[in-house]
Protein chains: 2
Amino acid sequence: MTATDPQGVPIDPRVEALVSDLIGRVADKWTMIVLEVLAAQGEMRFTVLGQHIPGISQKMLTRTLRAMERDGLLIRTIHPVIPPRVDYRLTDLGLSLGDAFCGVWRWAERNLTQIEAARHRFDSRP
Amino acid sequence: MTATDPQGVPIDPRVEALVSDLIGRVADKWTMIVLEVLAAQGEMRFTVLGQHIPGISQKMLTRTLRAMERDGLLIRTIHPVIPPRVDYRLTDLGLSLGDAFCGVWRWAERNLTQIEAARHRFDSRP
DNA sequence: GGTGCCTTCTTACCAAGGGTAAGCGGACGG
DNA sequence: CCGTCCGCTTACCCTTGGTAAGAAGGCACC
């Protein structure tokens with residue numbers, strides 16, 4: 001899109017496409033939740049992280065964490081002990097993304113009932 | 001998760017689950033981009049909207065718009081003319097979500113190069 | 001009056017992505 | 001010697017998304 005940012009400043013289309021891709025990568029349910037949990041709880045190991053995220057599968061947790069590590073959002077520390085212990089901790093970049101998503105969480109909490117009402121209206125109409 | 005919000009206030013687990021679901025619904029690439037475009041451009045019709053969102057298919061555009069309408073994020077106005085004309089416009093709720101996502105867009109723009117660098121480091125390592 | 005076009009969906013079909021569940025590796029407790 | 005611990009990984013399947021074609025239906029043109 002030949003978009004403008006919220007201040008009305010025109011954006012280079014090539015940058016625009018890259019940002020869209022990045023948003024596609026990062027605007028993901030699991031990524032957002034991992035971000036939230038790690039921001040609130042600090043360093044955590046794999047299993048505990050999974051326990052704090054109801055509904056996630058091991059596969060998706062692994063995949064999400066790898067992608068986030070690749071993007072530099074978190075650091076994965078392998079402790080060479082038996083049984084294995086792997087800790088995950090947000091980088092400054094990850095923390096800053098967590099802050100950015102914070103507004104979305106607050107929005108979701110604030111508007112939950114309003115959205116449920118809207119859905120109900122939509123579902124029970126001719 | 002027995003999470004706390006960013007201010008450290010404990011959250012009811014049931015509310016937590018609902019918020020997670022809502023986030024899963026709303027933290028979607030296409031939803032975010034539609035929100036952005038409509039926030040910047042105001043009312044738009046189907047085809048034009050599609051032209052402003054590179055890479056989206058008609059099917060996903062329809063589906064995304066329906067879901068957003070269901071959630072009360074936008075209003076769909078059908079003008080009974082031939083050929084058909086359908087306009088989409090954000091509600092106040094949709095605009096407020098756009099504001100909330102605004103921080104994420106700015107984050108993405110600001111940290112684009114840093115992320116690309118991180119990816120490159122990750123991909124070219126033993 | 002047929003032919004074709006316009007726009008907004010919808011649908012049939014296929015590929016890709018996510019869920020489930022089982023296995024692996026390797027020390028240690030019983 | 002067998003089970004258990006944890007962090008993955010993999011094989012299989014089902015759901016989801018992309019592609020492309022069509023439907024609806026009045027209008028313009030020949």
Side-chain angles (χ1 to χ4, degrees), chain A residues 17 20-34 37-38 41-71 73-90 122 125-126, chain B residues 1 17 20-34 37-38 41 43-71 73-90 122 125-126:
Chain A
S20 283
D21 283 354
L22 182 53
I23 288 289
R25 168 60 263 295
V26 129
D28 164 75
K29 177 185 179 177
W30 297 134
T31 300
M32 275 195 64
I33 300 183
V34 166
V37 174
L38 280 182
Q41 309 286 116
E43 197 168 48
M44 284 180 99
R45 54 193 304 189
F46 184 84
T47 308
V48 180
L49 197 44
Q51 289 162 354
H52 281 251
I53 304 177
I56 199 170
S57 64
Q58 279 193 336
K59 181 167 147 182
M60 279 315 292
L61 184 54
T62 305
R63 205 183 283 184
T64 304
L65 291 171
R66 280 289 188 290
M68 292 176 73
E69 189 195 1
R70 184 171 111 97
D71 286 346
L73 299 177
L74 54 77
I75 292 178
R76 177 166 171 266
T77 312
I78 308 169
H79 302 266
V81 295
I82 297 295
R85 174 192 180 91
V86 182
D87 281 327
Y88 295 90
R89 179 170 52 82
L90 291 185
F122 186 93
R125 75 180 191 184
Chain B
M1 54 187 165
S20 283
D21 283 354
L22 183 53
I23 288 287
R25 166 61 263 294
V26 128
D28 163 75
K29 176 185 179 177
W30 298 133
T31 301
M32 275 195 65
I33 299 183
V34 166
V37 174
L38 281 181
Q41 309 285 119
E43 198 168 48
M44 284 180 98
R45 53 193 305 191
F46 185 83
T47 308
V48 181
L49 197 44
Q51 289 163 353
H52 280 250
I53 304 177
I56 197 170
S57 65
Q58 278 194 337
K59 181 166 148 183
M60 279 316 291
L61 184 55
T62 304
R63 203 182 285 182
T64 304
L65 290 171
R66 279 289 188 292
M68 292 176 72
E69 188 196 1
R70 184 170 113 97
D71 286 346
L73 299 177
L74 55 78
I75 292 177
R76 177 165 172 267
T77 313
I78 307 170
H79 301 265
V81 296
I82 297 295
R85 173 190 180 91
V86 183
D87 280 326
Y88 295 90
R89 179 170 53 82
L90 291 185
F122 186 93
R125 76 180 189 183

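Here the structure is a predicted model, which is why all the values come from computation and not from measurement. All heavy atoms count here, side chains included; hydrogens, waters and symmetry mates do not. Below, chain A is the first sequence line, B the second, and so on; all start at residue 1.
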*How close do B:Tyr88 and B:Leu38 get, heavy atom to heavy atom, and via which atoms?*
O-CD2, 3.6 Å
_Ignoring hydrogens, what is the shortest heavy-atom contact between B:Ile78 and B:Arg76? Give both atom names and the distance._
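Closest pair (atom of B:Ile78, atom of B:Arg76, distance): CD1-NH1, 3.8 Å.
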_Step-by-step side-chain contact (heavy atoms from CB on, under 4.5 Å) determination, B:Arg45 to B:Asp87_ = CA-CA 4 Å; B:Arg45 53 193 305 191; B:Asp87 280 326; 3.5 Å; yes
Give the rounded distance in Å between these two atoms: [atom1] of [X] and [atom2] of [N].
X       : N      : atom1 : atom2 : answer
B:Asp28 : D:dG17 : CG    : P     : 8 Å
A:Leu65 : D:dT9  : CG    : P     : 11 Å
A:Lys59 : D:dT10 : NZ    : C1'   : 8 Å
A:Met60 : D:dT10 : CE    : C1'   : 16 Å
A:Arg63 : D:dT10 : CZ    : P     : 12 Å

At a cut-off of 3.5 Å, list every protein nitrogen or oxygen paired with a nitrogen or oxygen from nucleotides 3-7 of chain D, distance to 0.1 Å.
{"unit_1": "D:dC6", "atom_1": "O3'", "unit_2": "A:Arg45", "atom_2": "NH2", "d": "3.4"}
{"unit_1": "D:dC6", "atom_1": "O3'", "unit_2": "A:Pro84", "atom_2": "O", "d": "3.2"}
{"unit_1": "D:dG7", "atom_1": "OP1", "unit_2": "A:Arg45", "atom_2": "NE", "d": "3.0"}
{"unit_1": "D:dG7", "atom_1": "OP1", "unit_2": "A:Arg45", "atom_2": "NH2", "d": "3.3"}
{"unit_1": "D:dG7", "atom_1": "OP2", "unit_2": "A:Thr47", "atom_2": "N", "d": "3.0"}
{"unit_1": "D:dG7", "atom_1": "OP2", "unit_2": "A:Thr47", "atom_2": "OG1", "d": "2.0"}

_A:Leu49 vs A:Gln41 side-chain heavy atoms within contact, under 4.5 Å_ = no
*Got B:Asp21 and A:Lys29 here, is their nearest side-chain heavy-atom distance under 4.5 Å?*
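A side-chain contact exists here, since the closest heavy-atom pair is under 4.5 Å.
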*asked:* What's the separation between atom CE in A:Met32 and atom OG1 in A:Thr64, rounded to the nearest 0.5 Å?
replied: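 The distance works out to 13.0 Å.
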*Walk me through it: do B:Leu65 and B:Phe46 pass the test side-chain contact (heavy atoms from CB on, under 4.5 Å)?*
CA-CA 9 Å; B:Leu65 290 171; B:Phe46 185 83; 3.9 Å; yes
*Is a donor on one side and an acceptor on the other found under 3.5 Å between the side chain of A:Asp71 and the backbone of A:Leu73?*
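Between the backbone of A:Leu73 and the side chain of A:Asp71 there is no qualifying donor-acceptor contact (under 3.5 Å).
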*First and last nucleotide of DNA chain C touching chain B, 5' to 3', heavy-atom cut-off 4.0 Å?*
C:dC6 to C:dA12
